[in-house]
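Input: a single structure, listed below in structure tokens.
All ligand and atom numbering here is 1-based and tracks the order in the structure. These numbers were taken from a predicted model, which means no experiment stands behind them.
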Amino acid sequence: MRGNRAPDFFNSGATNQVTIHENSSSYQKYRILPRVLKDVSNVSTAIRLFDRDITFPLCVSPAGLQGMAHADGELATSRACAKAGVNMGVSSYANHSVEQIIAAGTEVGPIHHVMQLYSMTDREKEARIVHRAEKAGCKAIFLTADSPVLGVRFNEWRNGFMPPAGLDYPMIEKTSEQIQQQSHDDGFSSFNSASHSWAEEIPWLRSITKMEIWIKGVLTPEDVEMAIQYGCDGVVISNHGGRQLDETPATIDVLPACAKAAQGRIRIHIDGGIRSGSDIFKALALGAECCWVGRPMLWGLAVRLTLSVLWESIKS
Ligand SMILES: Cc1cc2nc3c(=O)[nH]c(=O)nc-3n(C[C@H](O)[C@H](O)[C@H](O)COP(=O)(O)O)c2cc1C
Ligand SMILES: CC(C)CC(=O)C(=O)O
């Protein structure tokens, strides 16, 4: 049986959902120890990222299929990020093109975007994504390094999740109908290169773009060191929101060791389970420069859709 139950796709993690839950709950292990008699009359949450001040240290992670949550999908996300004064990641699985997404946000206010990329078997297509992103004005590539194969997503398998008909994926040059012609896992990940490596990916990327190169999906000090050795500009400490390899640790728990390994030589950002201002505070206190958030933004889009359907039915 095939279905398009959106919550199976948006909300779930891989296999037994261990990591997705720990990402959030682990924040509760950490307590805040305040110092007193400090002058807090003039404080700011702004930080500088990609040569621009953002209002607070939280940006929106790249997430695919936003057109399933609302017809405006990534266009609405881009507008919202611009309004909030933060930056946005564009998924390779976006339902609008990077050009449209950047234009939508820029109409509202200043905003920077980064382009999320997979290591692909089709190098020419991968290069096309990079060139389009750079020409459109993206500041960085987020190379998602944790997805040589798709996570084992029982919750999607159970109801035969397939993307709904009528959605386009202009960056990977596909449509939902083409994805539907394949099995669940092949449809979503057959183009990912399972044989990717630092040596193959990073120098090649450097040779084709002047954008910053970040590695998304790092969880160990060893891989922080590799990113430094390969001249990367930043890493996102991420387990893909628990959607790839289940039973990896919560990102907040590995952050201190990763930040220590970095020794200020590379930028350290984090995502996964961040749901409140105190979570952001803890992540910054433990060594991150900035946080990124995925699902809450998707829930916001879905609520907008629900509200507009409700409004239409009330009016009629
Ligand atoms: C529905 C959904 C789709 C996602 N799609 C992508 C993607 O296309 N590329 C990617 O690198 N990460 C993707 N992610 C992972 C996010 O970039 C991010 O790492 C994760 O959502 C952070 O965890 P959080 O949702 O708990 O905030 C996706 C996450 C979700 C929930
Ligand atoms: C497989 C893609 C559609 C994106 C995704 O679900 C993810 O990266 O987690």
Side-chain angles (χ1 to χ4, degrees), residues 4-14 17 19-27 58-70 73-74 77 87-95 98 114-120 129 140-153 155-156 161-164 167-169 171-172 174 176 179-180 182-192 214-219 235-246 248 250-252 269-276 279-280 283 291-302:
N4 65 347
R5 272 183 40 85
D8 290 338
F9 178 75
F10 287 141
N11 296 346
S12 295
Q17 322 290 307
T19 297
I20 182 178
H21 288 127
E22 279 193 5
N23 267 351
S24 286
S25 62
S26 286
Y27 276 90
L58 182 78
C59 296
V60 169
S61 298
L65 268 79
Q66 294 184 27
M68 189 167 66
H70 190 281
E74 296 82 5
T77 303
N87 297 330
M88 171 186 176
V90 177
S91 164
S92 283
Y93 266 99
N95 296 126
V98 69
V114 302
M115 183 72 223
Q116 178 268 324
L117 189 73
Y118 298 104
S119 322
M120 291 163 73
I129 297 175
I141 286 295
F142 273 17
L143 181 69
T144 298
D146 57 21
S147 304
V149 293
L150 194 69
V152 177
R153 302 179 179 181
N155 291 14
E156 289 180 28
F161 176 80
M162 272 288 161
L167 291 180
D168 285 332
Y169 306 83
M171 300 317 294
I172 52 167
K174 279 195 180 203
S176 275
I179 294 174
Q180 286 169 357
Q182 294 179 281
S183 67
H184 174 280
D185 284 15
D186 281 350
F188 281 124
S189 68
S190 57
F191 61 77
N192 290 19
W214 289 55
I215 309 297
K216 176 174 181 283
V218 167
L219 289 173
V235 293
V236 184
I237 307 300
S238 173
N239 51 33
H240 213 111
R243 294 164 72 80
Q244 282 298 111
L245 184 61
D246 199 18
T248 53
T251 48
I252 190 67
H269 289 197
I270 183 171
D271 75 13
I274 293 153
R275 299 292 179 264
S276 69
D279 292 347
I280 300 173
C291 299
W292 294 70
V293 70
R295 291 182 183 84
M297 169 265 307
L298 300 167
W299 296 327
L301 273 179

Hey, does the side chain of [X] reach the backbone of [Y] with a donor-acceptor pair shorter than 3.5 angstrom?
{"X": "Asn95", "Y": "Gly67", "answer": "yes"}
{"X": "Gln244", "Y": "Val149", "answer": "yes"}
{"X": "Arg243", "Y": "Phe9", "answer": "yes"}
{"X": "Thr251", "Y": "Asp271", "answer": "yes"}
{"X": "Asn192", "Y": "Ser147", "answer": "yes"}
{"X": "Arg295", "Y": "Phe10", "answer": "yes"}

Taking only heavy atoms of the protein into account, state which residues are under 4.0 angstrom from an atom of ligand 1, in chain and number order.
-> Phe9, Phe10, Ser61, Pro62, Ala63, Gly64, Ser91, Gln116, Tyr118, Thr144, Lys216, Ser238, His240, Gly241, Arg243, Asp271, Gly272, Gly273, Arg275, Val293, Gly294, Arg295, Leu298
Plane angle bin for Phe161 and His184 - parallel if under 30°, tilted between 30 and 60°, otherwise perpendicular | perpendicular
Could you please provide the protein residues found below 4.0 Å of ligand 2 on a heavy-atom basis, arranged by chain and number?
->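 Near ligand 2, by chain and number: Phe9, Leu65, Tyr93, Tyr118, Leu150, Arg153, Phe188, His240, Arg243.
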Name all residues meeting the side-chain contact (heavy atoms from CB on, under 4.5 Å) criterion together with Ser91; count only those two or more places apart in sequence or in a different chain, and write none if there are none.
-> Pro62, Tyr93, Gln116
side-chain contact (heavy atoms from CB on, under 4.5 Å) involving Thr248 - partner list, sequence neighbours excluded = Thr19, Leu219, Asn239, Leu245
